[in-house]
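Notes for the one structure printed next.
Atoms within a ligand are numbered from 1 in the order they appear, just like the ligands themselves. This chain uses plain numbering: 1 for the first residue, then up along the sequence.
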Amino acid sequence: YGDKADVKTVAKHKLPVIQCIDEKGRMNKNAGKYAGLTIEEAKKAIIEDLKKEGLLEKIENIKQEVGVCWRCHTPIEILDREQWFMKTRILTDRVEKEALEITWYPDYMKYRLIDWAKSLDWDWVISRQRVFATPIPIWYCKNCGETILAEPEWLPIDPRVEKPKIDKCPKCGSTEFEPERDVLDTWMDSSITCAVHAGWPDRKDWKRLFPADLHASGIDIIRTWAYYLMVRHLALFDEKPYKSCLINGMVLGTDGRMMHKSLGNYVASSEVFSKYGADATRQWAAGGGATGSDIPFRWPDVEFGWRFLIKLWNAARFVSHQLKDYKPDEEEYALQPLDRWILSKAEKLTEKVTEALENCQFNIAMDEIRNFAWHVLCDCYIEAVKDRLYKPEVYGEEKKRAAQYTLYTVLYRILQLLAPIAPHITEEIYQTMYAEEKGYESIHLSPWPAVNEKLMDEEAEKSGDLIMAVITEVRREKAEKRMPLNTQIKKLTIYAGEKDLAESIERGREDITGTCKALKIEIVASTGEGREVKPYGNVRFVAEY
Ligand SMILES: [Zn+2]
Ligand SMILES: [Zn+2]
């Protein structure tokens, strides 16, 4: 045979097959005088013989496609062998029906499975000629050739080691048996994982976890794992193996090509882990791209994840320090506008992250959490409440406790949402700061946070956004003028442009005063001169130093 097309043609026209190569790649007796030579040697010998006989017309190089071993690139020769098959193609309609009912992440992956099932032109070959794999529990009667299949109670059994547990051949009475020496395709084992994970065949109640809620897999094994799971479970249990299927893309090398040792674009995970830790690496994997797409490995992404963890760690240290005299035991807190602002945003974050994770959109969840923790909590809120935390004699104990409560609550929420992506650092912070109070043995054993709609407050968010924008713009001006951020402002005049915005800013007067170190603040409802507060076109301020 040259290739698979030859095999099909021979089968179609029922042509006789003369096998002249053995399993060691040598010519056998059918090759006549060439018997015993390797394929390469035989080719040379035949050319010599043709030359000698004067039958050789010409020698030239031609291009042809040759199937090769994926590992060592040795050309493949097709040999005729009897094989065991599973009759899979009779299930194709059913596979399509189930595939359409299953939820796929991303959705279009279902067609990869359906198209594959429909394109198959032979059944699944389940036997392999290998030394090591799961044995095929079958014997043949030496006398009449009858096939003897092991009873379920005999399993596990290796026919090459043990005899069948019967006295004689049921057909001819012979007591001599020949074991099946072929072994099973490795996918025969992998194709029952959904049932096995659920407890089959040992647990009676295995159906409570079957079909699996989610089968997580890769784009390269839809044709094998996703497909074989499907046909096998349909055949055994008349039921689909999984309710939803997550198909991940491939990790590409740093140059965007398939990772390969020979291309030199190969990065060992152990190298990444030892340099930046698993939590940073997991952030790259979660945030690297839309689910299902291939993602190149990028050191800068891992490093960014690592820097985020440092930021989070430092924020947790700060919060922990500020909570030394705090017990989360009060019913009501004197929540200030910025407290309500971030508590509301934390609820919205919870809603978005939960939805993203439910839909296996890990990159969206990752971006939302990081953006919130880094910018909303660290850059904005923590900076804006420092004065309140440091000077209870000015603002009052009540307002300090409100800030403490808010920090305690918001950081815990971030840890909960981040726990699936960065399991180690979240657990470490949880154990240090929260375990005693919350009572869960691990953050990974705590319930997923439910969204509290009562804490969602559009008004608080709107005015909080404005207050934060004013604070940020004042700090930006100081930075541009190369002044230390704690430089005192003698008088800060804020032009709100309209009454509503002036009222919003008024609610943040204390936070603005404290954070901007302003001795005096004047909030004016009309429009005026000064530096623009982005993105509020009509809000401007003048700071007199
Ligand atoms: Zn090979
Ligand atoms: Zn027999």
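The aromatic rings of Tyr242 and His215 lie parallel to each other, their planes meeting at an angle below 30°, with 60° marking the opposite boundary.
For the pair SG of Cys141 and SG of Cys172, the angle whose vertex sits at the Zn ion (ligand 2) is 100° to 10 degrees. Between Cys169 atom SG and Cys144 atom SG, the angle centred on the Zn ion (ligand 2) amounts to 110° (nearest 10°).
At distances below 3.5 Å, not a single donor-acceptor pair connects side-chain atoms of Tyr140 with backbone N or O atoms of Ile148.
Look at His73 and the Zn ion (ligand 1): no N/O/S atom of the residue is under 2.8 Å from the metal.
Contact record, Ala195 with His233: N-NE2, 3.1 Å, taken as the closest heavy-atom pair.
Under the 6.0 Å distance and 45° angle rule, Lys275 counts as a cation-pi partner of Trp299.
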